[in-house]
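Below is one structure, written out as structure tokens; comments come after it.
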Amino acid sequence: MNQSETPLLDAVARYHRDDRYGFTPPGHRQGVGVDPRVTDVLGAASFRSDLLASGGMDDRHSSNEYLTRAEQLMASAVGARSAFFSTCGSSLSVKAAMMAVAGNDDGGLLVARDSHKAIVAGLVFSGVRPRWIPPRWDTDHHISHPPSPEQVRQAWDDNPDAAGALIVSPTPYGTCADIAAIADICHERGKPLIVDEAWGAHLPFHDDLPTWAMDAGADICVVSVHKMGAGFEQGSVYHVQGDLVDDRHVALCADLLMTTSPNVLVYAAMDGWRRQMVEQGSELLGSALALARSARREISEIDGLSVLEDELIGAEASKDLDRLQVMIDVSSMGVSGYQCADWLRDTHHLDIGMSDHRRILATFSFADSEATAERLYAALRGLSSAASTFDAPPEMYLPDPNDLSLRSVMLPRDAFFGDTEMVDAKHAPGRIVAEQLTPYPPGIPVAVPGEELTDGVVDYLTTGIAAGMNVPDATDKSLRTFKVVR
């Protein structure tokens, strides 16, 4: 296919050239009706291209197939059989994949326990029974890595009737699973593998990046263009290949969840990003990788900061690492990652992608430059100097990995929608949780509806809140009380 084409972008341009006007949504009429105080901040151009997709950019039958052609170009660009665009983020895309594979299967779905909260939400929506695959735990750094092929094989041995498997790779930390080996294990059983690759949209476009899921044999792969690409927030693509998944059925499942008013700006930006990656991706990402390598060296030389790399790869860690994710351990300065993230934002107006009790994470993009990197270095040098003035962080209980492996007692859906009550934190251990409890970022639930809470998890969360952890999906955000099944 001609990868220089951009059907969606061209359609928006044609709409403007033809001077079309619609007595249809959006009601702002290409920005004419927007309060100038809004356009002063958001810009008039964004509203001008906020068009109705069907009956606006295209006719009411979508007979020009702008979206279909753009999706075909995306699939061709990355070597998938099919690609589908979503304007509701990978949160929607992964739910559609789960429903398509296991929505009507009593055997459940093998699911990596380090999955994002969107996957747990998919379990609640669909009623699918999770058959959890434990992650690999680094007890020294208190971090989880994707499950090993051996763990996946054991999960299949324990649950041979499961409809398929779902893993997350890369993780929000940039660590990657051995997808090829895991795909082989799934395919030995004639079962599909879904990969939540939300952090891996860039992987197909440079040889020095970890292998992307389609090349490794996954059947469905979900990517968030806005995370590591150049799309608007909520832009997502899911790809399908192989003979174990029906493309059309996945699309129909997505349609159940998808908005009927998709944002053309999100569509068109993904269309343009695909062309950019095909034409310039290797060069742009090569420069980004070089900049990240330099950043790792620079940051490692700052007193009190340690950049993790070798610790994240190995037999008890991950298969590979996306080195655009630069994870920085700050614990030797006697401060928490939460404190550092807040200080960098307040003092240097610099936001960090992830923070926890001992780390911060800087995500590099192909849009970064020496200038933006220098801004990061300057801020981190300032942090190194200022850290001694921080209050000692509250002590946080860090449980043994066994304490974080909760027993599933009920289906997530049954617990979430069941008869519930709020109980004091001291009475929560031994009760069945009825809400997601998700430190964010990175957004991996510590407790999933239907699991039995333990003293270790309750202590971890309550002391974490006191230390600066954010658990935004808790009913009581102070976590003085927990929502449990009555």
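Just so you know, these numbers use all the heavy atoms, side chains as well, and skip hydrogens, waters and symmetry mates. Model, not experiment: these values are computed from the prediction. The chain is numbered in sequence order, starting from 1.
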Beyond-backbone contact of [X] with [Y], side-chain heavy atoms, under 4.5 angstrom:
X    : Y    : answer
P146 : T171 : yes
P439 : L461 : yes
D455 : Y397 : no
Y173 : H141 : no
L305 : M333 : yes
L244 : H187 : yes
V223 : S93  : no
D322 : W199 : no

Would you indicate whether [X], at its atom [atom1], is surrounded by more than 12 heavy atoms from other residues, nucleotides or ligands within a distance under 6.0 Å?
X    : atom1 : value
N104 : CG    : no
F85  : CZ    : yes
R189 : CZ    : yes
K319 : NZ    : no
E188 : CD    : yes
D346 : CG    : yes
D400 : CG    : yes
D157 : CG    : yes

Rounded distance [0.5 Å steps], [atom1] in [X] versus [atom2] in [Y]:
X    : Y    : atom1 : atom2 : value
I182 : L193 : CD1   : CG    : 7.0 Å
F416 : D414 : CZ    : CG    : 12.5 Å
F417 : F125 : CZ    : CZ    : 7.0 Å
K95  : C253 : NZ    : SG    : 13.5 Å
D50  : N263 : CG    : CG    : 5.5 Å
I444 : R113 : CD1   : CZ    : 9.0 Å

Assess whether side chain to side chain contact (heavy atoms under 4.5 Å, CB included) is satisfied between F364 and R296, documenting all intermediate values.
CA-CA 11 Å; F364 277 76; R296 288 172 176 275; over 6 Å; no
Evaluate the criterion side chain to side chain contact (heavy atoms under 4.5 Å, CB included) for residue pair L479 and L437; output intermediate values, then yes/no.
CA-CA 9 Å; L479 286 184; L437 297 171; 4.0 Å; yes
Assess the residue pair L324 and L289 against the criterion (side chain to side chain contact (heavy atoms under 4.5 Å, CB included)); give the C-alpha distance rounded to whole Å, side-chain angles, the decisive distance to 0.1 Å, and a yes or no.
CA-CA 6 Å; L324 293 179; L289 286 164; 4.0 Å; yes
Do the side chain of [X] and the main chain of [Y] share a donor and acceptor less than 3.5 angstrom apart?
X    : Y    : value
T438 : Y440 : no
S384 : D303 : yes
E197 : A213 : yes
Q339 : F390 : no
S318 : L312 : yes
R358 : D356 : no
E311 : E309 : yes
R129 : D106 : no

Check this for me, if you would: do R153 and D184 make a salt bridge, where the nitrogen-to-carboxylate-oxygen distance has to be below 4.0 angstrom?
no
Salt-bridge test for E421 and R431: reply yes if a basic N is under 4.0 Å from a carboxylate O, no otherwise.
yes
Considering all heavy atoms of both residues, which atom of [X] and which atom of [Y] are nearest to each other, and what is their separation?
X    : Y    : result
M258 : T87  : CE-N, 3.6 Å
V471 : K477 : O-CG, 4.1 Å
L376 : A362 : CD2-CB, 4.0 Å
G229 : W273 : CA-NE1, 3.4 Å
S365 : A288 : O-CB, 3.8 Å
T481 : D424 : CG2-CA, 4.2 Å

With L256, which residues qualify under side-chain contact (heavy atoms from CB on, under 4.5 Å), at least two apart?
M99
Criterion side chain to side chain contact (heavy atoms under 4.5 Å, CB included) on R486 and T420, from CA distance to verdict
CA-CA 5 Å; R486 189 180 297 279; T420 63; 5.8 Å; no
Residues in side-chain hydrogen bond (donor to acceptor under 3.5 Å, both in side chains) contact with S169, at least two apart in sequence or another chain
none
For S332, all residues meeting side-chain hydrogen bond (donor to acceptor under 3.5 Å, both in side chains), sequence neighbours excluded:
none
Pick one: which of I360, I143, V307 meets side chain to side chain contact (heavy atoms under 4.5 Å, CB included) with M327?
I143
State which residue, out of P445, P412, P472, fulfils the side chain to side chain contact (heavy atoms under 4.5 Å, CB included) condition with Q436.
P445
What is the ring orientation for Y238 with F84, classed by angle as parallel under 30°, tilted 30 to 60°, or perpendicular over 60°?
parallel
Parallel, tilted or perpendicular for H357 and H142, by the 30°/60° rule?
perpendicular
Aromatic ring proximity W212/H202, centre distance under 6.0 Å
no
Do D368 and T372 pass the side-chain hydrogen bond (donor to acceptor under 3.5 Å, both in side chains) test, and can you show the C-alpha distance, the side-chain angles, and the key distance before you say yes or no?
CA-CA 6 Å; D368 279 304; T372 62; 3.0 Å; yes
Chi angles and distances behind the side-chain hydrogen bond (donor to acceptor under 3.5 Å, both in side chains) call for S236, S86
CA-CA 5 Å; S236 170; S86 165; 4.9 Å; no
